[in-house]
Structure formats: C-alpha cells, structure tokens
Amino acid sequence: MNIHPAVLVIAALACALLALALWLFSRARQQQARQSITGHLQRSRDIQRDLMAGVAAAPVPGMVADPRASTDWPAAASTSASARQWLYDHLGYGAWGISPRGLVMIAGLGLFLAFLVALQAGALLGTMVLGVYALLTWFGIWHRVSKRRAKMLSLLPGFLDNMVRLISIGNSPHAAFQFASGNVPEPLGSALQHVNASLSVSPDLGQAMTQLERTWKLPEFGLLAAVFRMSTRYGGRVDQVLERVSAYIRDRQSAERELHSLSTEVRLSAWILALLPLVVGTLIMLLNQGYFMRLWQDGTGQKMIFIAAGLEVLGSFLLYRLARLK
C-alpha cells in the first residue's frame, strides 16, 4: 500500500502541533501557578504601599499643596485601564485563567496553520480553517471557564462556613471576609484576593462582590453582594443569612450532580452525533486528497461543502440546546 507523501507531511505536522499544544498547556499551568503566587505577593505590596502613600499624603500644617500633583498620571494610563476594565466587564477575561502571552501564542498558532493551508489549497480554504480554529479555541475557553466556575462554586460553601464561624465569635463581616479568604484554594482564592485589594480602596464589600459577579457571571456572587449591602445598610444577623446561603448552594450542587448523572446518555449521544461528521470529513481530506480537491475546485462542490458546514453548525447548536438541562 503506497502512502502519498502529502499524507505523511500532514501527519507529521499534526503530531508536531499536538506536541506543541501539550507543551503550551504545561507552560500555561506553570505560568498560572507562578502568576498566582506573584499576584498574591504583589497585592500585599500594593496594600502596604497604599497605606504608606495615605500616610505620606496627609496634609501637614503650614505646607502648601502643589496644584500640579493631580496631573502626574498620564492620559494613556487611564485609557489603558479603561480598556482593560472593558475587557474584564464584557468578555469576562478575568475568569479565563490564561495569560496574555498564552493568548498571543494560541492566536499565532492559528494564523500559522491557516497560512499553511492557504498556501496548499487557496485563501478561501485557509479562511475556513482559521474560522474553525477560532471556533474550537472559543469552545476550549468556554469549557475551561465552565470548569473553573464549577470548582469555584464547590469551594464557596466552605468559605462561607468559615465566615460564619468568624462572625459568630465577634468579627465584623469585613474582617471575617479578609480572614477567611487567606487560605482558599484556586480559583476562588485569587478572586477573593482581588476583592480584598479593592476593599483597601473602597470599604464597600457589596460593590466589590458585584464586580466579582460581572467578571465570573455567577449569580451566587450577586446574592452575596445583596446580603452584604443589606447588612451594611440595615444590620441584622448576617451570619445566619450566610449559613442559609451556604446550605442553598450545597443543595443546588447536589441537585445538579444528580441531573448530570441522569442525563449522561443524552449528552454522550449529542457529542457522538456532533463529532461524527467532522471526523469523517477530516479522514476523507487526509486519506483521499484528490477526491476532496476535485470537489473543492468545482462550483457545485463548494456550495455543497458550505451547505454541509452550515448544517453541521446548526445541528451542533440544536444538539447542545437539547442536551443542556438546567
């Protein structure tokens, strides 16, 4: 059996890309752990620097304030901060857990793969490959964020129980929040450290939790924000409310796990039906390139390919909606 050299080249390229993807995944995990440690130390230094700056900025009797001090920050810094805040608010980048360098490498890999395909089969097919790569990348990010949200929700009841114990022995909600968020595992730990950093600027715990809800898109954080705002405005036994919220989250997670186990067969069928056309089409392109190129170079064949791609996307979306039980 003679194997076409192009098949061997594509197989070797696929193996190289797989090895590169595994290497990028390991580097991303190491970078995430390193950034978590560095971020914790940096936030501690920022809090100390803010405290020292507050002491140094206190007005001294007899000293005239410099009117130019308010213009020290350049306009570019505020523009960059507003752009970063837009990314965090609208795209939820803070919940991705991917460094900017990792995003650049993922984008570069997609462009390189699309460029190779464009050299072999034309710009149109290269654009299609880039679109499929972008779709798969978005799916990977969505799956990663979903896993991080699920892990965060599994850690949240334990954190609330620690807060309830600290409040019951006489601590305020702010102090209990800061003490309880000291030894929380990732990814909840880094999110709570961001809240602690914002509390050093503004003592409004409800507003900080609202910002956390916008970043992670979790309604449980909005519920906690409402609890903290009500306790700040009207007082009351916030420890009892937090205890009930913790019990509610545990009951909901138990019901979701039961529903997840009951719907396993439906979700597995949806995965098989969605991936089977993609796998068959990929095998045809790899094992019989002449057949696919003959189909691609024909006008009617191109229309058939585009119609099949559209039907695949529509069918995958419908299967996702059927298998998504809430």
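A quick note: this is a predicted structure, and the numbers were derived from the prediction, not measured.
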Test applied, side-chain contact (heavy atoms from CB on, under 4.5 Å); reference residue, Leu224; option that passes from Thr210, Leu156, Leu212: Leu156

Hey, does the side chain of [X] reach the backbone of [Y] with a donor-acceptor pair shorter than 3.5 angstrom?
X      : Y      : result
Ser246 : Leu242 : no
Gln193 : Ser181 : yes
Asn171 : Leu166 : yes
Ser254 : Arg250 : no

If two hydrophobic side chains count as joined below 4.5 Å and joins carry through other members, does Val164 share a cluster with Leu155? yes

Going by heavy atoms in the side chains, are Leu223 and Ile249 under 4.5 Å from each other? no

Set out, in order, the CA-CA distance, both residues' side-chain angles and the distance that settles side-chain contact (heavy atoms from CB on, under 4.5 Å) for Phe177 and Leu192, then state yes or no. CA-CA 9 Å; Phe177 185 90; Leu192 295 179; 3.6 Å; yes

Please round to the nearest 0.5 Å and tell me the distance separating atom CD of Glu243 and atom CD1 of Ile167. 11.0 Å

Please walk me through it: do Arg229 and Met209 pass side-chain contact (heavy atoms from CB on, under 4.5 Å)? CA-CA 10 Å; Arg229 282 196 296 266; Met209 294 301 296; over 6 Å; no

Would you name the heavy atoms of Gly110 and Tyr133 that are closest together and state the gap between them? CA-CE2, 3.2 Å

Under 6.0 Å from the OH atom of Tyr291, do we count more than 12 heavy atoms belonging to anything else shown? no

Greater than 12 external heavy atoms within 6.0 Å of Gln253's CD: yes

